[in-house]
Structures are given as C-alpha cells and as structure tokens.
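Data first, discussion second: the structure below is written as structure tokens.
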Amino acid sequence: MPELPEVFTISQDLKKNIVGFEIRSIQFSSYYRVPDDIKKSLNKLIGKKILDVDRVAKNIVLKLSKDDYIIFHLAMTGRLLLRNCRDKNDNWVKLVLIICKGDEIKELRFCDMRQFGKVLVVNKENLNKIISKYGLSALEEKTSAEDLLYNLKSRRTNIKNALMDQKIISGLGNIYATEALFLSKINPKLPTRNFTLEMSTKLLNSIRQELKEAIKNRGATLPDKMYVDIFGKPGHQQDYFKIYLKKVCDVCGSKVEFEKINGRGTYFCPICQPLETTTSNRNKKIPDGQKKLL
DNA sequence: ATGTTTGTTCCGAT
DNA sequence: CATCGGAACAAACA
C-alpha cells in the first residue's frame, strides 16, 4: 500500500529512531532472491553509521557515512519493521539489518509478502540520477498548478492514469489518486488534454489536502492489514476515505461507481464527478468542440 | 477456482 | 522513434 503518506510515516519514524546507529551485520532470508551484486554491496556497508533518513517519492533512503545510501522501495506489500532482537519473527522477512548504538541493538526487518519490493545501494551520484527520474513533488511549495498542468498536457491519457505516473507527479498511488479526484470533483476518465489551469489548481489543492490529512493519520491500512508502521501499528486514514471502497457517495448519497481504469480499481461518484464538462465551467471560453474520434 | 490487491517495469502495438 | 496500455512480477485471500 505504501503511497506517499505511508512512506512518509515510515521515513519520519525511522529518522527519529535509527539515526546514529551503526550497521553491525546483515541477514538474508534464504528464499529472498536478491541479486548477488546487491548482496555484496549491502555487506560492504557493515560498520557504517546511519546519518539520516529521507523520503524520495515512494522510496525510503538511509544516508550512511561515506557517501553511501540504502534505498528501500516497498512496492505493494513491503514493510520495514524496527524490532528488538528478542522479538518474535515476522512474516515474509527478506533481509534484516542488525544495527547498534552503544549497547543498544535493534533489527530493521525488510518484509514483503509479494516480493515486489526492492532494496538498492547507491552513491550520491546514482541517488541523484534516481531522484531526477521523478516528476513534481506534490508536497513541495514550489510545485505550482502551472507545472502540473504542463506535465498533464504532455500526455495523452486520462487523469487517473496520469496521476499514477510518477514522472508527472510523484507519491500518489491508486488510493490517493482516487481520493484526490473525488475531492476535486474531477472524473477519473477525463482526458488530460482537456485540463485547464483552473482544474489543475483545484486538483493540486485536493492532492495536498488529501496527502496532508493522510500523513496526520499515519497512512491508511486496508482490510488486508498489509500496511503497518515500523512498530507494527496500522494507520487511520482508512477511517476518513471519502470514496475509496465506498458503496454510497458521502456527499450526494448516490451509488458509487467502480470501474477498472488502466487496470486499476477506481471508485468515483458519477454525480459529483461528471465526465461531461457541464458543471463548473465558469470560464468564458467556449467549450471546445472536441473531436470524438472513435 | 477464479478474480482481487496498495507499485513498477518491460514489451508489444500504434 | 515516442508514447500508451496491458501483462508480468508473487502470494494470499474471498
């Protein structure tokens, strides 16, 4: 599940709890198919100190001494759990960083049921290369509605699909893209080509509102309980979903539509988020006679 | 049993 | 050649 709010929560908690620790050893699970070169580069990090923890898009980045960085991407079902050595085993453990600070020893366990998650060791240069592949940062103040509009217009697809594209704007996944579209009353199937600055502004505000609320609530844990924070605790944003998993629209009471859009389950209210641009056209522009090429 | 599932990457089609 | 969309990746659950 980890989308930006979940990754943010994990990264923030790690920063408070493991900065200053040193990597003492690393354990790999026998079934975890990690490439040998990554295993090797991880093993070279033994003895190094964790200087900082950061988030880049949906990646968690541990900054180590001497220009080394560990990047975790949790994909769909990845977890990072901070445990004491005596704590009972966790499910689906891929690898464990055993870290210490003085006499204090802790384990950072990277678990992943579906094994889509990734771990990578890079230097600053390669980290920057990875960072540069991502699009706008939703939470950064300097990201403007004009920037978003420009990126959206560069693609020929629907808005839902565009929001999921990390090269356009990074951090959103299926849940928060769905929620932000509902908040801004935009139909997920609306072509990005039809966007106006007014819509982009509204959308960016909704994205920020949604992400900030979810961060405050420490992310969302779905009924499958896959996402938990580093202490194994669920988030609470699922209690504040406005459309995701809903049957009835909170706002107007009509039946929520569920449809696969680009392969991803999407919830939307056909009344609050009409596809026809009849509502909210306060612009004086004449609605463009769109060619409906079939 | 078949169809779902929070993400990303790759490949084929256009 | 660039872009888009779907399949694949793997495992558990209903």
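Numbers restart at 1 for each chain; the letters A, B, ... are given by sequence-line order, proteins then strands.
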Considering residues, nucleotides and ligands other than Lys49(A), do more than 12 of their heavy atoms fall under 6.0 Å from its NZ? no
What is the distance, rounded to the nearest whole Å, between atom CD1 of Ile175(A) and atom C1' of dT4(B)? 14 Å
For a 4.5 angstrom cut-off between non-hydrogen side-chain atoms, does Leu181(A) reach Phe268(A)? no
Given the P atoms of dC1(C) and dT9(B), what is the spacing between them in whole Å? 22 Å
Quick check for you: to the nearest 0.5 Å, what is the distance between Leu183(A) atom CG and Ile207(A) atom CD1? 10.0 Å
Straight-line distance of Ile38(A) CD1 to Lys118(A) NZ, nearest 0.5 Å: 9.0 Å
Please write out the pairs of protein N or O atoms and N or O atoms of nucleotides 8-10 of chain B separated by less than 3.5 Å, giving the distance to one decimal.
| residue | atom | partner | partner atom | Å |
| --- | --- | --- | --- | --- |
| dT8(B) | OP1 | His73(A) | NE2 | 2.8 |
| dT8(B) | OP2 | Lys58(A) | NZ | 3.1 |

What is the separation between atom CE on Met226(A) and atom P on dA14(C), rounded to the nearest whole Å? 13 Å
Got a salt bridge between Lys142(A) and Asp147(A), using NZ or NE/NH1/NH2 to carboxylate O under 4.0 Å? no
Under 4.0 Å, heavy atoms only, any strand: does Lys260(A) hit a base, just the sugar-phosphate, or nothing? sugar-phosphate
Do other residues, nucleotides or ligands put more than 12 heavy atoms under 6.0 Å from Arg24(A) CZ? no
Starting at atom CG of Asp112(A), determine the distance to atom C1' of dA12(C), rounded to an integer number of angstrom. 13 Å
I'd like a list of close polar pairs between nucleotides 4-9 of chain C and the protein, N/O only, cut-off under 3.5 Å.
| residue | atom | partner | partner atom | Å |
| --- | --- | --- | --- | --- |
| dC4(C) | OP1 | Arg156(A) | N | 2.3 |
| dG5(C) | OP2 | Thr157(A) | OG1 | 2.8 |
| dG5(C) | OP2 | Asn161(A) | ND2 | 3.1 |

Span that lies between the P atom of dA7(C) and that of dG3(B), in whole angstrom: 13 Å
Would you write the dot-bracket representation of DNA chain B, where each base gets (, ), [, ], | or . depending on whether it forms a Watson-Crick or G-U pair under 3.5 Å and with which partner? .||||.||||||||
What pairs meet the ring pair (Phe, Tyr, Trp, His ring centres under 6.0 Å) rule with one or both residues in residues 94-114 of chain A, with sequence neighbours excluded? Phe72(A)-Phe110(A)
Answer yes or no: does atom CG of Asn84(A) have more than 12 heavy-atom neighbours from other residues, nucleotides or ligands under 6.0 Å? yes
Atom-pair distance (CG on Leu222(A); P on dA14(C)), nearest Å: 14 Å
Starting at NZ of Lys167(A) and ending at P of dA2(C), how long is that distance when rounded to a whole Å? 13 Å
Rounded to whole Å, CG of Asn59(A) lies from C1' of dG7(B) at a distance of 11 Å
Consider side chain to side chain donor-acceptor pair (under 3.5 Å). Of Glu3(A), Lys160(A), Glu179(A), which one does Asn174(A) pass it with? Lys160(A)
Could you go through residues 253-264 of chain A and list every donor-acceptor pair under 3.5 Å that involves a side-chain atom there, pairing it with any protein atom two or more places apart or in another chain?
| residue | atom | partner | partner atom | Å |
| --- | --- | --- | --- | --- |
| Glu259(A) | OE1 | Lys189(A) | NZ | 2.9 |
| Glu259(A) | OE2 | Lys189(A) | NZ | 3.1 |
| Asn262(A) | OD1 | Asn158(A) | ND2 | 2.7 |

Apply side chain to side chain donor-acceptor pair (under 3.5 Å) to Asn217(A) and list each qualifying residue two or more places apart in sequence or on a separate chain. Gln237(A)
